Amino acid sequence: MATRLRQANKKCTVIGGSGFLGQHMVERLVEKGYAINVFDIRKGFDHDKVQFFLGDLCRKEDLLPALQGVTLVFHCASPTPSSNNRELFYRVNYLGTKAVIEACKEAGVQKLVLTSSASVVFEGTDIKDGTEDLPYAKKPIDYYTETKILQEKEVLQANDPERNFLTVAIRPHGIFGPRDPQLVPILVQAAKSGKMKFIIGDGKNLVDFTFVENVVHGHILAAEQLQINSPLCGKAFHITNDEPIPFWEFMSRVLTGLGYEAPKYHIPYWLAYYLALLLSLVVWLLSPFVAIRPTFSPMRVALAGTYHYYSCGQAKKHMGYKPLVSLDEAVDKTVKSYPHLQWSA
Ligand SMILES: NC(=O)C1=CN([C@@H]2O[C@H](COP(=O)(O)OP(=O)(O)OC[C@H]3O[C@@H](n4cnc5c(N)ncnc54)[C@H](O)[C@@H]3O)[C@@H](O)[C@H]2O)C=CC1
Ligand SMILES: CC(C)=CCC[C@@H](C)[C@H]1CC[C@H]2C3=C(CC[C@]12C)[C@@]1(C)CCC(=O)C[C@@H]1CC3
């Protein structure tokens with residue numbers, strides 16, 4: 001009987017479990033002895049200890065079978081930020097998250113851990129050691145962030161100890177690591193096409209890049225510490241590597257690690273920003289005739305040329321969080337995991 005209860009307590013569902021973060025979450029949860037359901041629109045991998053449920057999280061009837069007998073749900077699904085599809089972000093991140101909450105309540109789930117994003121407070125201007133009490137961005141930098149704000153608010157408001165339904169949001173920033181389909185592949189693509197020659201601004205702006213295993217650790221700690229009356233209930237927590245690094249130093253380390261040249265010419269921030277604005281205007285004017293998605297966008301210039309690093313003091317205090325993998329080790333592991341992206345003459 002005791003074993004059955006323990007097993008039920010360790011059964012969880014990872015929504016978005018086929019994605020980059022989701023798959024790393026699943027691997028760690030398996031190591032920790034959890035029984036796992038993955039819910040996703042696609043099957044990203046195979047694992048004999050994982051049960052897959054394919055469906056759209058916007059549909060409660062798709063979700064319910066994946067939540068039966070489950071006490072804990074991690075929600076780390078989202079359309080990819082680069083899709084820039086307003087309607088899709090709104091539907092999946094906002095309406096879909098409402099469906100997740102309803103389905104969790106209906107299925108008797110007790111804990112919901114959302115993967116939010118530190119960018120919910122970022123408006124394109126400097127943030128140094130930002131804490132969780134910064135207000136949500138009034139002018140979010142893109143549609144993705146706009147709907148991450150709506151999503152986070154919805155999840156935190158759903159916290160309801162009286163009905164034994166507890167929620168918490170984790171706000172990571174700049175997740176990287178093996179199998180990331182975004183950061184390293186986009187950078188390498190840019191380097192290959194000769195677009196990584198310029199440092200935007202003076203190159204001193206500090207940014208958080210967070211190794212995926214640390215992000216996973218933060219999520220699991222949050223889930224395990226989320227109890228009635230705990231300070232986690234209905235709150236958001238930054239999870240970072242706690243080692244902010246100049247944005248361009250990080251880019252250079254990844255690029256040189258893979259055998260590409262580091263950017264070396266400086267371009268003033270304002271010039272880069274206005275060039276990117278001009279380029280988006282041209283892209284917009286041409287949009288009836290041709291669809292172009294430029295690497296160089298005002299949003300990316302803002303991410304690359306401003307300070308944006310966050311304090312994870314609250315996670316340390318209330319969850320006992322401490323990054324497991326240092327930035328040096330993390331960059332090393334990441335670079336080694338992309339042998340196919342190494343420069344070759
Ligand atoms: N990658 C990063 O640097 C950061 C990511 N985040 C958040 O972390 C979470 C995970 O991100 P990644 O793993 O990088 O993204 P990803 O794109 O690798 O994974 C997202 C997963 O969600 C699934 N999904 C999308 N729409 C769905 C739907 N309608 N129904 C069911 N599944 C659906 C996708 O199939 C995919 O497997 C997201 O919520 C993202 O907003 C937050 C901060 C930074
Ligand atoms: C810090 C953070 C939130 C990182 C994750 C996002 C990254 C996937 C992109 C954010 C800024 C992007 C960017 C480029 C590549 C991809 C990012 C690092 C460029 C370096 C690509 C080449 C350029 O034209 C400049 C871009 C600046 C921003």
Side-chain angles (χ1 to χ4, degrees), residues 13-27 37-45 50 52-63 65-67 73-83 85 87-100 103 112-122 140-152 154-155 169-187 207-216 218-219 236-241 247 250 300 303 308-310 312 330 334:
T13 299
V14 182
I15 303 177
S18 289
F20 163 51
L21 173 64
Q23 197 176 326
H24 281 274
M25 294 270 299
V26 170
E27 286 166 0
N37 291 343
V38 162
F39 180 89
D40 205 297
I41 33 170
R42 64 191 175 99
K43 187 171 181 189
F45 61 101
V50 177
F52 282 88
F53 294 81
L54 295 187
D56 182 348
L57 67 82
C58 303
R59 294 164 53 89
K60 201 170 75 177
E61 59 277 30
D62 284 4
L63 281 163
L67 304 181
V73 169
F74 294 96
H75 173 12
C76 55
S78 169
T80 168
S82 58
S83 73
N85 180 334
E87 190 276 326
L88 181 69
F89 288 137
Y90 188 80
R91 194 177 71 79
V92 177
N93 286 347
Y94 179 53
L95 301 178
T97 297
K98 280 160 86 89
V100 167
L112 173 61
V113 180
L114 170 74
T115 313
S116 179
S117 168
S119 65
V120 295
V121 296
F122 183 61
I141 51 168
D142 53 17
Y143 302 140
Y144 162 77
T145 312
E146 197 175 305
T147 57
K148 291 297 284 183
I149 296 174
L150 293 173
Q151 171 190 61
E152 187 188 280
E154 211 56 45
V155 167
I170 296 300
R171 292 179 177 173
H173 193 260
I175 311 176
F176 73 101
R179 300 192 298 261
D180 164 36
Q182 294 277 321
L183 202 151
V184 175
I186 295 177
L187 261 189
V207 170
D208 279 317
F209 287 96
T210 314
F211 190 52
V212 64
E213 288 176 25
N214 294 329
V215 177
V216 167
H219 279 74
F237 292 87
H238 295 149
I239 289 294
T240 71
N241 239 77
F247 179 93
F250 184 83
R300 284 186 171 172
L303 283 172
H308 41 110
Y309 66 95
Y310 300 83
C312 59
T334 305

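For the single chain, residues carry numbers from 1 onward in sequence order. For clarity, every value in this text was computed on a predicted model and none was experimentally measured. Order of appearance sets the numbers: ligands from 1, and atoms from 1 within every ligand.
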Heavy-atom gap Ser116 to ligand 1 smaller than 4.0 Å: yes

Should Asp40 be counted as touching ligand 1, given the test is an N or O pair under 3.5 Å? yes

Atoms in ligand 1 with a heavy atom of Gly19 nearer than 4.0 Å: 18 (O), 19 (O), 36 (C), 37 (O)

Close N or O approach (Phe39, ligand 1; < 3.5 Å): no

Heavy-atom nearest neighbour of atom 14 (O) of ligand 1 within options Phe20, Phe176, Phe209: Phe20

Look at the aromatic rings of Phe209 and Phe247 and report parallel, tilted or perpendicular, splitting at 30° and 60°. tilted

If you measure every N or O of Tyr144 against every N or O of ligand 1, does any of those distances drop under 3.5 Å? yes

With heavy-atom distances below 4.5 Å as the criterion, would you say the side chains of Cys312 and Thr240 are in contact? yes

Name of the residue among Tyr90, Phe122, Phe89 meeting ring pair (Phe, Tyr, Trp, His ring centres under 6.0 Å) with Tyr144: Phe89

Which class fits the ring pair Phe74 and His219: parallel under 30°, tilted 30 to 60°, perpendicular over 60°? tilted

Rounded to the nearest 0.5 Å, what's the gap from CG on Asn85 to CZ on Arg91? Could you check? 9.5 Å

Under 3.5 Å: donor-acceptor pair, side chain of Asn37, backbone of Ala66: yes

Are Tyr310 and Phe237 an aromatic pair, judged by ring center distance below 6.0 Å? no

Is it true that Pro81 lies under 4.0 Å from ligand 1, counting heavy atoms only? no

Could you list the atoms of ligand 1 found under 4.0 angstrom from a heavy atom of Gly55? 30 (N), 31 (C)

Give the minimum heavy-atom separation between Asp180 and Ile175, together with the two atoms involved. OD2-O, 4.2 Å

So the atoms of ligand 1 within less than 4.0 Å of a heavy atom of Pro172 turn out to be 43 (C)

In terms of atom number and element, which parts of ligand 1 are under 4.0 angstrom from non-hydrogen atoms of Asp56? 28 (C), 29 (N), 30 (N)

Out of Ile175, Leu114, Thr145, Leu88, who is nearest to atom 3 (O) of ligand 1 when you count heavy atoms only? Ile175

Option whose closest heavy atom lies nearest to atom 30 (N) of ligand 1, chosen from Val38, Leu21, Leu57: Leu57

Can you tell me if Thr115 contacts ligand 1 (heavy atom of the residue under 4.0 Å from the ligand)? yes

Using a 4.0 Å heavy-atom cut-off, which part of Lys148 comes near ligand 1: side chain, backbone, both, or neither? side chain

Within less than 4.0 angstrom of ligand 1, does Cys76 place any heavy atom? yes

Please enumerate all residues that pass salt bridge (charged side-chain N to carboxylate O under 4.0 Å, His left out) together with Arg59, with sequence neighbours excluded. Glu61, Asp62

Just one of Asp142, Thr97, Asn93 clears the side-chain hydrogen bond (donor to acceptor under 3.5 Å, both in side chains) bar with Thr147, so which one? Asn93

